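Below is one structure; the comments refer to it alone.
We use all heavy atoms of the structure for the numbers below, so side chains are in, but hydrogens, waters and symmetry mates are not. Here the structure is a predicted model, which means the values were calculated and not measured.
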Amino acid sequence: MSESKPTCPFTLAVCAEMVLVDLPIVERVSRIHELGFQVEIWDWTRHDIQALEQTGATFSSMTGYIEGSLVDREGAERLVETARESISVARRLNIPRLNLHGTGLDERGLPVKPVSQLTGSMWIRAHDTLNRLADLAHEHDVTFVLENLNTQVDHPGVPLARADEVLELVASVDRPGVRMMLDLYHAQIGEGNLVNLVHRCAPWIGEVQVADVPGRCEPGSGEIHYPAIARALNDIGYRGTVGLEGWASGEDELALQRFKDAFSL
């Protein structure tokens, strides 16, 4: 009796900012779509939204603000203001999830306003700001997802970076319009113990992002055993989106196939 062919129980997405980078962005999006993946984009202000609409691609997520911060009053006002602008674009592209960080990032991924220590008042401000965003999410039928980042390699000085902090904050808000963008690449660098982390975050996951360590390339290029992560996600009953937010270690389409294989059970 032959074994059944592995299938993927998750929706797979690919970040168009990081693969097929020799192609113009609209061609990248179209090719990712042709290969059967959903598409993630970052800062929508850099793109021709009408051209992206015309690709016919299904988009998984995008950056949900232009400027601002969760942790200070002035930054929070700007974040909520630009989140409103982002929602209008998300609705044009039928994007369900809008990605957030503790503070705005520049083109190198560094915080516009670095934070050396998270204070109690910053935590309260972040909680209040996420509640305001949850109201927007309810009004417009979208979900804001707060991403954990690593501060050791890619994003030094970002507040609310660790997955444990993001989990605690999102759980304390406890609103359906605010969830985690659980990035396992960042979590491996910052915390490790990924299978346990997946189980702890289960009720609060809005989307999962992946890349391998070191190098931030596709699964199978580094130290993370992603088939075990796939089994853990399956064990918690997760049936949402897993997005590759990483570079190709070699040929792009081979990297995308390796990503798909890692999440097939």
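Met180 and Ala163 make their closest contact through CE-O, 3.9 Å (heavy atoms, listed as atom of the first residue, atom of the second, distance). In this structure, Asn148 and Ala187 approach most closely via the heavy-atom pair ND2-N, 3.6 Å. Of all heavy-atom pairs spanning Ile49 and Val89, the tightest one is CD1-CG1, 3.7 Å. Considering every non-hydrogen atom in both Arg179 and Val170, the closest pair reads CA-CG1, 3.8 Å. Here the closest non-hydrogen pair linking Gly206 and Val145 is CA-CG1, 4.1 Å. Taking both residues in full, the closest heavy atoms of Met181 and Ser61 are given as CE-OG, 4.0 Å, listed atom of the first, atom of the second, then distance.
Taking the side chain as every heavy atom from C-beta outward, Ser60 and Phe37 never approach each other to under 4.5 Å. Residues Leu79 and Ser69 form no side-chain contact, since every pair of their non-hydrogen atoms from C-beta on lies 4.5 Å or further apart. Contact annotation: the side chain of Asn94 never approaches that of Thr58 to less than 4.5 Å [non-hydrogen atoms, C-beta and beyond]. Within the 4.5 Å cutoff, the side chain of Arg97 has no heavy atoms near those of the Val142 side chain. At a threshold of 4.5 Å between non-hydrogen side-chain atoms, the residues Tyr238 and Val198 do not count as touching. Inter-residue side-chain proximity for Trp204 and Asp174 is flagged as met; some heavy-atom pair is nearer than 4.5 Å. Ile205 places a side-chain heavy atom less than 4.5 Å from the side chain of Ile236.
With hydrophobic clusters built from ILVMFWY side chains whose heavy atoms lie under 4.5 angstrom apart, Phe259 shares a cluster with Val39. Note on Val80 and Val112: separate hydrophobic clusters, where clusters join Ile, Leu, Val, Met, Phe, Trp and Tyr whose side-chain heavy atoms are under 4.5 Å apart, directly or indirectly. A single hydrophobic cluster is not seen to contain both Val21 and Leu35; linkage of ILVMFWY side chains at heavy-atom distances under 4.5 Å, directly or through other members, places them apart. Put simply, Trp247 and Val208 are part of two different groups of oily side chains (I, L, V, M, F, W, Y) that touch within less than 4.5 Å, one to the next. Leu136 and Leu146 fall within the same hydrophobic cluster, defined by Ile, Leu, Val, Met, Phe, Trp and Tyr side-chain heavy atoms under 4.5 Å apart, directly or through other members.
Looking at Thr63, Leu105, Asn99 one by one, the single match for side chain to side chain contact (heavy atoms under 4.5 Å, CB included) with Trp42 turns out to be Thr63. Paired with Leu182 under the rule side chain to side chain contact (heavy atoms under 4.5 Å, CB included), one option of Val166, Val210, Leu167, Leu197 passes, and it is Leu197. For the side chain to side chain contact (heavy atoms under 4.5 Å, CB included) test with Pro159, the passing option among Leu118, Leu70, Leu149 is Leu118; the others fail.
Glu218 places a side-chain N or O within donor-acceptor distance of the main-chain N or O of Ser249, the cut-off being under 3.5 Å. For Arg162 (side chain) and Glu191 (main-chain N/O), no donor-acceptor pair under 3.5 Å exists by modelled atom type. The closest donor-acceptor contact from the side chain of Asp212 to the backbone of Ser221 lies under 3.5 Å. For the pair Tyr226 (side chain) and Ala211 (backbone), a donor-acceptor distance under 3.5 Å is present. Checked by atom type and distance alone, the side chain of Ser30 never pairs as donor or acceptor with a backbone atom of Glu27 at under 3.5 Å. With Arg125 contributing its side chain and Asp72 its backbone, the two residues share no donor-acceptor pair below 3.5 Å. Distance alone, capped at 3.5 Å, is enough to place a donor-acceptor pair between the Thr82 side chain and the Glu67 backbone.
The distance from the CG atom of Leu244 to the SG atom of Cys15 is 8.0 Å, given to the nearest 0.5 Å. The CZ atom of Arg175 sits 12.0 Å away from atom OG1 of Thr143, with the distance rounded to the nearest 0.5 Å. Rounding to the nearest 0.5 angstrom, the gap separating the CG atom in Leu130 from the CG atom in Leu160 is 8.5 Å. Here OG of Ser121 is found 13.0 Å from CZ of Arg73. Values are rounded to the nearest 0.5 Å. Here CD of Glu207 is found 10.0 Å from CG of Asp183. Values are rounded to the nearest 0.5 Å. In this structure, CD1 on Ile66 lies 13.5 Å from CZ on Arg84, to the nearest 0.5 angstrom.
Atom CD of Gln50 sits in a sparse spot, with 12 or fewer heavy atoms from other residues, nucleotides or ligands closer than 6.0 Å. For Glu74, the CD atom counts as loosely surrounded, since its 6.0 Å shell holds 12 or fewer non-hydrogen atoms of other residues, nucleotides or ligands. In this structure, His127 places its NE2 atom where more than 12 heavy-atom neighbours from other residues, nucleotides or ligands lie under 6.0 Å away. Atom CD of Glu223 sits in a crowded spot, with more than 12 heavy atoms from other residues, nucleotides or ligands closer than 6.0 Å. At most 12 heavy atoms of other shown residues, nucleotides or ligands fall within 6.0 angstrom of atom CG in Asp141. Dense packing is recorded around CZ of Arg239, with more than 12 heavy atoms of other residues, nucleotides or ligands lying under 6.0 Å away.
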What's the verdict on side chain to side chain contact (heavy atoms under 4.5 Å, CB included) for Ile87 and Phe144, showing C-alpha distance, side-chain angles and the deciding distance? CA-CA 10 Å; Ile87 285 173; Phe144 285 96; 3.9 Å; yes

Worked check of side chain to side chain contact (heavy atoms under 4.5 Å, CB included) between Thr55 and His33: CA-CA 8 Å; Thr55 64; His33 173 60; over 6 Å; no

Walk me through it: do Trp123 and Glu168 pass the test side chain to side chain contact (heavy atoms under 4.5 Å, CB included)? CA-CA 11 Å; Trp123 184 274; Glu168 186 175 353; 3.9 Å; yes

Report the C-alpha distance between Leu133 and Val173 in whole Å, list the side-chain angles of each, state the deciding distance to 0.1 Å, and finish with yes or no for side chain to side chain contact (heavy atoms under 4.5 Å, CB included). CA-CA 11 Å; Leu133 292 172; Val173 172; over 6 Å; no

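Salt bridge Glu17/Arg46: present, at least one basic N to carboxylate O contact under 4.0 Å.
Checked against a 6.0 Å centroid threshold, the rings of His155 and His101 do not count as neighbours.
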